[in-house]
Amino acid sequence: MSLPADLLPAVLDALPDPLFILSESGRYLAVYGGNDPGYYHDGRTLVGQTVEDLLPADKASQVLDQIRQSLSENRLLKVEYPLAAHEVKGLESADGPREMLWFEGHIQPLAEPINGERAVVWVARNITPRRDLEEKLRRASVIDPLTGVFNRRKLLEVLAERFGEHRRYGEPCAVVMIDVDHFKRVNDQYGHSVGDEVLIAIAEIGRGMLRENDLLSRFGGEEFVLVLPQTDLDDARQVAERFRRAVIEGLATHFPDIPPVTISQGVAAMREGDTSHEGALHRADQALYEAKRQGRNRIV
């Protein structure tokens with residue numbers, strides 16, 4: 001039993017995801033489905049217009065390339081892309097989500113041309129919840145849950161990247177190993193919750209004074225590591241000194257009822273002859289040990 005022709009538009013409109021009929025030149029020939037304003041905007045006003053009329057130039061070019069790829073290869077093409085209503089002319093004030101959305105597009109060539117031009121069916125599925133979950137999981141895998149700075153896994157990834165740049169292009173890079181002085185005493189006398197707050201405050205102080213490309217990570221326990229790209233040993237020592245002073249001042253403000261909390265730091269730089277990032281990290285660790293041996297609250 002075949003479906004009555006006059007019922008087909010109603011069936012297409014009942015689709016949960018929007019379905020676009022797009023010509024090879026990028027003209028919207030028809031729009032169906034996607035009627036839930038919690039997930040989609042009503043795209044029926046787009047019919048008759050072209051992607052170049054409606055989208056930013058870079059996104060319009062990408063859509064056209066994907067349409068033509070599907071047609072030239074005569075196959076289903078799956079793509080993922082971000083798009084927000086404010087980027088589509090005519091949808092700026094339409095009902096629907098205001099934030100940036102992620103879509104999974106299924107692009108399928110039609111067997112017959114429409115008005116003498118090849119065309120595709122483009123079904124757009126909102127995958128924003130999935131992308132948000134993936135981003136949360138990705139962040140959880142590289143972020144220290146207590147302090148909010150990067151964890152050891154991310155630190156080692158970045159160090160490997162920076163060492164590659166140092167080896168190929170001679171880019172300087174410094175490493176600062178940081179340890180909170182007498183941290184066990186803080187935990188024993190004031191409790192682990194106060195110790196946690198001290199670590200959180202140190203992380204916040206570090207984030208507030210670093211450059212965009214710098215990296216602060218928690219190495220483990222009360223140890224942190226700074227990675228300072230495009231920074232030589234002398235400049236890294238100056239950064240470490242500013243951090244040392246900022247920690248003393250900041251923690252005195254945060255915790256006026258406990259004795260001053262200080263940090264010791266070991267500073268090293270990647271250098272010719274290193275075979276991996278472990279060289280600079282090891283030297284920074286040795287320098288930190290020496291700073292502790294010399295009496296703490298200092299930089300070596």
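Residues take their numbers from the sequence shown, with the count starting at 1. Below, all heavy atoms of this structure are taken into account, side chains as well, without hydrogens, waters or symmetry copies.
- Of all heavy-atom pairs spanning Phe255 and Ala201, the tightest one is CE1-CB, 4.1 Å.
- Rounding to the nearest 0.5 angstrom, the gap separating the CD atom in Glu161 from the SG atom in Cys173 is 11.0 Å.
- In terms of heavy-atom proximity, Ala85 sits nearest to Pro97 at CB-O, 4.2 Å.
- For Asp179 against Glu222, the heavy-atom pair with the smallest separation is OD1-CG, 3.6 Å.
- With a 6.0 Å radius and a threshold of 12 heavy atoms from other residues, nucleotides or ligands, Glu99 has its CD atom above the threshold.
- Side chains of His166 and Glu272 form no contact here, defined as non-hydrogen atoms less than 4.5 Å apart.
- Salt-bridge formation is not detected for the pair Glu134/Arg138: no Lys NZ or Arg NE/NH1/NH2 atom is positioned less than 4.0 Å from an Asp or Glu carboxylate oxygen.
- Side-chain contact between Arg271 and Arg283 is present, with heavy atoms from C-beta onward closer than 4.5 Å.
- Here the straight-line distance linking atom CG of Leu91 with atom OH of Tyr40 works out to 14.0 Å at 0.5 Å rounding.
- Side-chain contact between Leu146 and Ile200 is present, with heavy atoms from C-beta onward closer than 4.5 Å.
- With contacts defined as side-chain heavy-atom distances shorter than 4.5 Å, the pair Arg211/Leu228 qualifies.
- Under the 4.5 Å side-chain criterion, counting only non-hydrogen atoms from C-beta, Leu199 is in contact with Phe183.
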Before giving the answer on side chain to side chain contact (heavy atoms under 4.5 Å, CB included), spell out for Val176 and Phe243 the whole-Å C-alpha distance, their side-chain angles and the decisive distance to 0.1 Å.
-> CA-CA 11 Å; Val176 183; Phe243 191 30; over 6 Å; no
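- With values rounded to the nearest 0.5 angstrom, Arg244 atom CZ is found 5.0 Å from Asn297 atom CG.
- The closest side-chain heavy-atom distance from Phe224 to Ile263 is not below 4.5 Å.
- In the hydrophobic clustering, where aliphatic and aromatic side chains (Ile, Leu, Val, Met, Phe, Trp, Tyr) are joined below 4.5 Å either directly or transitively, Leu156 groups with Val142, Ile143, Phe150, Leu155, Val158, Leu159, Phe163, Val175, Met177, Leu215, Phe219, Val225, Val227, Met270, Leu281, Leu288.
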Could you give me the CA-CA distance, side-chain angles and deciding distance for Ile258 and Gln189, then say whether side chain to side chain contact (heavy atoms under 4.5 Å, CB included) is met?
-> CA-CA 9 Å; Ile258 69 175; Gln189 293 184 4; over 6 Å; no
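- Rounding to the nearest 0.5 angstrom, the gap separating the CG atom in Asp196 from the CG atom in Asn187 is 7.0 Å.
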Name the atoms and distances for all side-chain donor-acceptor pairs under 3.5 Å in residues 102-111, with sequence neighbours left out.
residue, atom, partner, partner atom, Å
Glu104, OE1, His106, NE2, 3.0

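- Looking at Asp181 and Lys292, a side-chain N of the basic residue comes within less than 4.0 Å of a carboxylate O on the acidic one, giving a salt bridge.
- Hydrophobic clustering (side-chain heavy atoms under 4.5 Å, transitive across Ile, Leu, Val, Met, Phe, Trp, Tyr) keeps Met100 apart from Leu55.
- Ion pairing of Arg27 with Glu117 is absent here, as no side-chain N (NZ or NE/NH1/NH2) approaches a carboxylate O to less than 4.0 Å.
- Applying the under-4.5 Å side-chain rule to Ile, Leu, Val, Met, Phe, Trp and Tyr, the cluster around Leu133 extends to Leu137.
- For Arg245 and Glu241, the salt-bridge test passes: some basic side-chain N is under 4.0 Å from an acidic carboxylate O.
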For His282 and Asp274, what are the C-alpha separation, side-chain angles and deciding distance, and is it a side chain to side chain contact (heavy atoms under 4.5 Å, CB included)?
-> CA-CA 11 Å; His282 176 71; Asp274 285 346; over 6 Å; no
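- A donor-acceptor contact shorter than 3.5 Å links the side chain of Thr231 to the backbone of Pro229.
- Expressed to the nearest 0.5 Å, how far OG1 of Thr128 lies from CZ of Arg131 amounts to 9.0 Å.
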